[in-house]
Amino acid sequence: MPTQQHFDVLIIGTGSAGLMSALQLSEDLSVALIAKDKLLEGSSYYAQGGVSAVLNTQDNFQSHIDDTLSTGNNLGNEKAIRFMIEQAPAAIQSLEKLGVSFTQEQGQYHLTTEGGHSNRRVAHVADKTGKSIQTNLLQSVKAKKNIHLFENFIAIDLLMKSKQCFGAYILNKSNNEVESFIAHKTILATGGASKVYLYTSNPDTSTGDGIAMAYRAHCNIVNMEFTQFHPTCLYHPHAKSFLISEALRGEGAKLVLPNGDAFMHKYDERLELAPRDIVARAIDSEMKANGFDCVYLDISFKDKDWITSHFPTIDKKCTSFGIDIAEQAIPVVPAAHYTCGGVQVDINAHSTIENLYAIGEVAHAGVHGANRMASNSLLECIVFAKACANHINQSIFKHPHSNFDDWDASRASPSQEKVMVTHLWDEVRRIMWNFVGIVRSNKRLHAAQMRLSQIQNEVNEYYHLYLISSDLVELRNLITTAQIIVKSAISRTESRGLHYNEDCPNTSANIQNTIIKL
Ligand code: FAD
Ligand code: SIN
């Protein structure tokens with residue numbers, strides 16, 4: 001039996017963006033907070049490096065702003081960047097108030113550095129910053145009576161009327177029923193789309209759902225050609241792209257070839273601490289030129305005690321695969337890590353559709369440009385979650401809820417062809433990895449575009465014939481997002497930051513965002 005539920009605010013996603021926004025909303029608003037998997041599952045939980053903020057007198061806002069702009073190859077929006085960076089110390093304080101205990105040494109924050117930062121400004125909780133933030137945020141959310149949590153509920157599409165958003169159709173994964181969640185304001189906090197690539201540092205939740213839903217609702221989607229590849233994921237058949245934090249390089253770890261030779265001096269004078277686009281391309285080039293399966297990251301010059309206290313999670317994981325990082329170099333490869341583009345929003349996180357907001361990795365607020373600087377993402381989640389909640393608190397008008405038709409599945413039948421879904425999932429991710437990866441060419445981009453459009457037709461047909469399932473919802477979003485990435489990449493006829501096309505290797509003097517709209 002289809003059901004309808006009514007709330008003041010619907011938040012789709014329980015990463016740090018979703019949880020923080022829920023906590024900042026006025027307690028007299030009823031809030032539905034939904035997650036398609038376990039409440040803690042999402043990129044936020046796995047964040048290692050930390051949260052960047054100006055936290056000591058040797059540093060200053062302008063330096064953090066300049067580093068962010070220059071790492072983003074001057075495509076970032078300076079106004080949005082300034083807003084985020086000036087709010088960063090307050091964001092750290094809010095997290096502390098919620099119970100996050102950042103690592104200290106001698107009574108001060110222990111600040112690390114990562115690629116692109118010209119000062120030590122990354123506050124962290126050892127190498128499990130995300131776990132600490134998420135468990136504390138969730139605990140506070142659970143204490144709030146106005147917030148209703150829905151675990152294993154996956155949003156399918158936004159409920160739209162007269163070009164305004166009124167909630168979403170949501171599949172309850174436990175009984176396979178589609179419910180209408182009707183709300184005055186809807187916040188997309190669904191994370192990124194790195195699962196569109198075969199190899200990724202991200203958990204399974206990052207399938208671009210929010211971007212695809214917003215696109216289908218006619219939102220502007222911006223700069224999707226900029227997928228960030230993290231240079232160092234553990235290379236091991238059973239590691240499923242476990243991340244080796246850039247903070248190791250911040251502490252002096254060297255990238256070396258299998259024979260132990262360093263190579264970053266050939267690519268950038270900042271060596272291992274050059275921005276991620278440069279380091280990932282350097283590794284890709286060495287691997288392709290020499291036919292290597294991986295390169296190595298060496299921190300074995302540090303003693304075991306230091307390693308286990310600063311990087312306990314990484315040390316434990318590597319040990320479980322028989323790699324003692326105090327004795328030997330770690331085999332690493334680049335993998336898709338972060339979606340710099342997304343749903344276009346303003347400084348209040350409001351999208352181009354009335355009553356629809358987007359925060360965190362799903363959004364494009366203009367703070368990352370053509371390449372995100374390390375540890376600026378959790379910061380973005382916290383700052384824009386607060387801005388979004390403040391805007392809703394001030395602007396919400398509780399008029400009677402509109403009526404919507406229930407989800408109609410009367411013409412769909414159970415699928416006997418589930419192999420199509422698994423096959424197409426795999427095919428999309430392989431196409432993206434092989435044809436739309438770290439280094440691109442016009443030929444490969446057009447080949448990807450052609451095959452992805454055939455796959456889109458096959459998915460559309462399947463979607464209309466068969467009963468909905470969570471895998472199908474994700475596949476539909478994956479193929480839509482992949483096509484937006486390729487279309488954006490084709491339309492950028494220059495190389496900038498994370499988008500490197502060997503057929504147009506120069507950077508244009510004309511700085512422009514790529515906007516894709518249905
Ligand atoms: P997520 O945390 O990914 O959460 C997304 C949520 O949306 C999940 O709850 C998911 O279930 C839900 N969802 C998605 N689709 C649907 C749907 N259709 N219906 C219902 N729910 C849905 N950044 C930093 O700044 N510092 C770091 O140290 C750092 N380390 C990282 C390490 C790793 C391994 C990874 C993967 C990323 C790291 N990042 C880091 C990036 C950063 O963690 C993410 O960009 C950020 O956490 C994204 O938060 P989010 O709230 O936007 O999304
Ligand atoms: C890392 O710890 O290397 C990830 C940091 C980030 O993605 O910002």
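Just so you know, ligand 1 is whichever comes first in the structure, and atom 1 is the first atom listed for that ligand.
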- Task: Could you tell me whether N376 approaches ligand 1 through its side chain, its backbone, both or neither, with non-hydrogen atoms closer than 4.0 Å?
- Result: backbone
- Among all protein non-hydrogen atoms, which one is nearest to atom 8 (O) of ligand 2, and what is the separation to 0.1 Å? S375 N, 2.7 Å
- Task: Considering only non-hydrogen protein atoms, determine which one is nearest to atom 5 (C) of ligand 2 and report residue, atom name and distance to 0.1 Å.
- Result: R276 NH2, 3.1 Å
- Message: For atom 31 (C) of ligand 1, tell me which residue out of A47, A374, A385 has the closest non-hydrogen atom.
- Response: A47
- Message: Minimum distance, heavy atoms only, to atom 38 (C) of ligand 1: which one of Q228, E41, H337, K38 is it?
- Response: H337
- Note on the structure: Heavy-atom proximity to atom 49 (O) of ligand 1, picking from G342, G130, S44, points to S44
- Heavy-atom nearest neighbour in the protein, as seen from atom 2 (O) of ligand 2, with distance rounded to 0.1 Å: S245 OG, 2.7 Å
- Query: Which residue supplies the protein heavy atom nearest to atom 12 (C) of ligand 1, what is that atom called, and how far is it?
  - Reply: G13 CA, 3.6 Å
- Message: Test of understanding: given a 4.0 Å heavy-atom threshold, classify the contact between Y45 and ligand 1 as side chain, backbone, both, or neither.
- Response: neither
- Item | Distance-only N or O hit between ligand 2 and A374, under 3.5 Å | no
- Task: With atom 6 (C) of ligand 1 as the reference point, say which of G42, A189, S377, A168 has the nearest heavy atom.
- Result: A189
- Salt bridge between D157 and R476, side-chain N to carboxylate O under 4.0 Å? yes
